[in-house]
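Letters A, B, ... mirror the listed sequences (proteins, then strands); counts begin at 1.
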2 protein chains.
Amino acid sequence: MSYSIGQVSKKLGITVDTIRYYDKSGILPFVKKNEIGRREFTDNDVHLMRTIICLKNAGVSVADISKFIDYRLQGDSTLNERYQLLEEHRKDLQQQITDLQDTMSYLKFKEWYYQTAVEAGTEEIHFVPNTNEVIPDLADEYSNHLKETGQVDEFQRFSNVKDYRNR
Amino acid sequence: MSYSIGQVSKKLGITVDTIRYYDKSGILPFVKKNEIGRREFTDNDVHLMRTIICLKNAGVSVADISKFIDYRLQGDSTLNERYQLLEEHRKDLQQQITDLQDTMSYLKFKEWYYQTAVEAGTEEIHFVPNTNEVIPDLADEYSNHLKETGQVDEFQRFSNVKDYRNR
DNA sequence: CCTTGTCCTGGAGCCGACTCCAGGATATAT
DNA sequence: ATATATCCTGGAGTCGGCTCCAGGACAAGG
């Protein structure tokens, strides 16, 4: 009951080259080869590779994943280290998500900026009269717009934290 | 009222080298130089650069940002194009966030896996007896655990969508 | 037997996004 | 006047994560 590299490639949605690259990089030490040198993946191997891909998706580098896999090879004595590592990366991931959500708020603000500009037919509605400068506290105007249309002002929080506003 | 490259670097939290790299890459065509060839950034320039950094944070490539900036130089006739571009990238970003949240669910599952293993002192509690194989429907057990402890089962949705489960 | 398909290795190439010079000009502080 | 800081350009180097050969082995179908 085992799979070839091509089958695993399809199963996991990554190329065979990528799988070989991972193996070269030492993060697939558990994958065994048969008599004629071909890789044979067990269900368990595939399972582990899903975890690896998950870590990769979380932005963990191949080098760090390698650390995790090394621990695994050492057995139960490293359970705690592995737990710590995962926790660290989970916190990291949480930060990433939060950052992206902030970016999203800003993008939405810019979308509002352009949507209103498109409606007006000109960007000038956002400029200080007779200049090419954007109105300094345009962000406040946007916040008002959010309030008026009954939307949650996630942007307020964001502009305080990040100082993305124009001062 | 203008800033040197060093001042902007501090203001935006990116290196002067990065700013020069952006300029070389053509995404800062609005930055002017003074008589002796030094860059002078206006408030408006800094404002625009925040937008650029926002797009970068959203995972937009320098090449794509360049497209946006080119449109901007063409004036009001491209307002709609710019709006479309932002919308596209916003959708993209939303997908990214959703993906990361899925990854987060899986990471939490793995954390549970290791926390319980640490408590038990061995990983074997998750194996099929007398093998080194992980219990096939361990994910269900985790779902139960979530239910029992009154947590929202974001994992269920996730495992259906992504087939990250072991079958 | 020959073709087609899948696999192997080692190593080169590529891409994006920086990052780091060398060599030179100007500015500021003492 | 000298030292230190900041700026400039052009171009080379780095790094991670693939991606793509070349050259060769074996397997299965017609």
Side-chain angles (χ1 to χ4, degrees), chain A residues 2-42 45-46 49 51-69 89 92 96 99-100 103, chain B residues 2-42 45-46 49-69 89 92-93 96 99-100 103:
Chain A
S2 67
Y3 312 97
S4 72
I5 194 168
Q7 289 171 313
V8 173
S9 153
K10 271 176 207 151
K11 249 174 136 63
L12 297 179
I14 58 180
T15 70
V16 294
D17 272 328
T18 301
I19 296 176
R20 291 209 192 95
Y21 162 70
Y22 287 165
D23 204 0
K24 275 183 198 172
S25 312
I27 63 176
L28 306 180
F30 46 84
V31 176
K32 304 291 173 231
K33 295 185 186 161
N34 65 14
E35 329 76 55
I36 64 162
R38 297 196 172 183
R39 292 178 185 81
E40 293 196 331
F41 300 76
T42 67
D45 292 347
V46 174
M49 289 174 74
T51 303
I52 287 174
I53 290 171
C54 163
L55 288 172
K56 253 209 37 46
N57 289 343
V60 181
S61 68
V62 168
D64 273 15
I65 293 175
S66 165
K67 210 187 295 176
F68 185 81
I69 297 294
H89 287 307
D92 224 73
Q96 272 183 66
D99 287 352
L100 283 192
T103 299
Chain B
S2 67
Y3 311 98
S4 71
I5 195 171
Q7 289 171 314
V8 173
S9 152
K10 272 175 205 151
K11 249 173 136 65
L12 299 179
I14 58 179
T15 70
V16 294
D17 272 328
T18 301
I19 296 176
R20 290 208 193 95
Y21 163 71
Y22 286 167
D23 204 0
K24 273 183 198 173
S25 312
I27 63 176
L28 306 180
F30 46 84
V31 176
K32 303 293 173 226
K33 293 185 187 162
N34 65 14
E35 329 76 54
I36 63 163
R38 294 195 172 184
R39 291 177 185 83
E40 293 196 332
F41 300 76
T42 67
D45 292 348
V46 174
M49 288 174 74
R50 287 195 207 277
T51 303
I52 287 174
I53 290 171
C54 163
L55 289 171
K56 254 208 38 44
N57 289 343
V60 181
S61 69
V62 168
D64 273 14
I65 293 176
S66 165
K67 211 187 294 174
F68 185 81
I69 297 294
H89 287 305
D92 223 72
L93 181 56
Q96 271 183 67
D99 286 353
L100 284 192
T103 300

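Between the CZ atom of R38(A) and the C1' atom of dT9(C) there is a distance of 13 Å, rounded to whole Å. Per the geometry, NZ belonging to K33(B) stands 7 Å off P belonging to dC8(D), to the nearest Å. As rounded to whole Å, 14 Å separates atom C1' of dA17(C) from atom CD1 of I53(B). Rounding to whole angstrom units, OH of residue Y3(B) and C1' of dC7(D) are separated by 19 Å. At whole-Å resolution of the value, CD1 in I19(A) and C1' in dC7(C) are 12 Å apart. Rounding to whole angstrom units, CG of residue N34(B) and P of dA25(C) are separated by 17 Å.
Counting any heavy atom pair closer than 4.0 Å across all strands shown, R39(B) reaches sugar-phosphate atoms only and no base atom.
Mapped onto DNA chain D by nearest heavy atom, K24(A) and S4(B) fall at different nucleotides, with S4(B) at the one closer to the 5' end. Comparing Y21(A) and I36(A), the nucleotide of DNA chain D nearest to each residue sits closer to the 5' end for Y21(A). When each of D17(B) and D17(A) is assigned the nucleotide of DNA chain C bearing its nearest heavy atom, the one mapping closer to the 5' terminus is D17(A).
Side-chain nitrogen and oxygen atoms of K56(A) include at least one within less than 4.0 Å of the OP1 or OP2 phosphate oxygen of dC18(D). Neither OP1 nor OP2 of dC18(D) sits under 4.0 Å from any side-chain N or O of T15(A).
At a threshold of 4.0 Å, the pair R20(B)-D17(B) counts as salt-bridged, since one of the basic side-chain nitrogens sits closer than that to a carboxylate oxygen.
Using a 4.5 Å cut-off on side-chain heavy atoms (C-beta onward), V62(B) and Y21(B) make contact.
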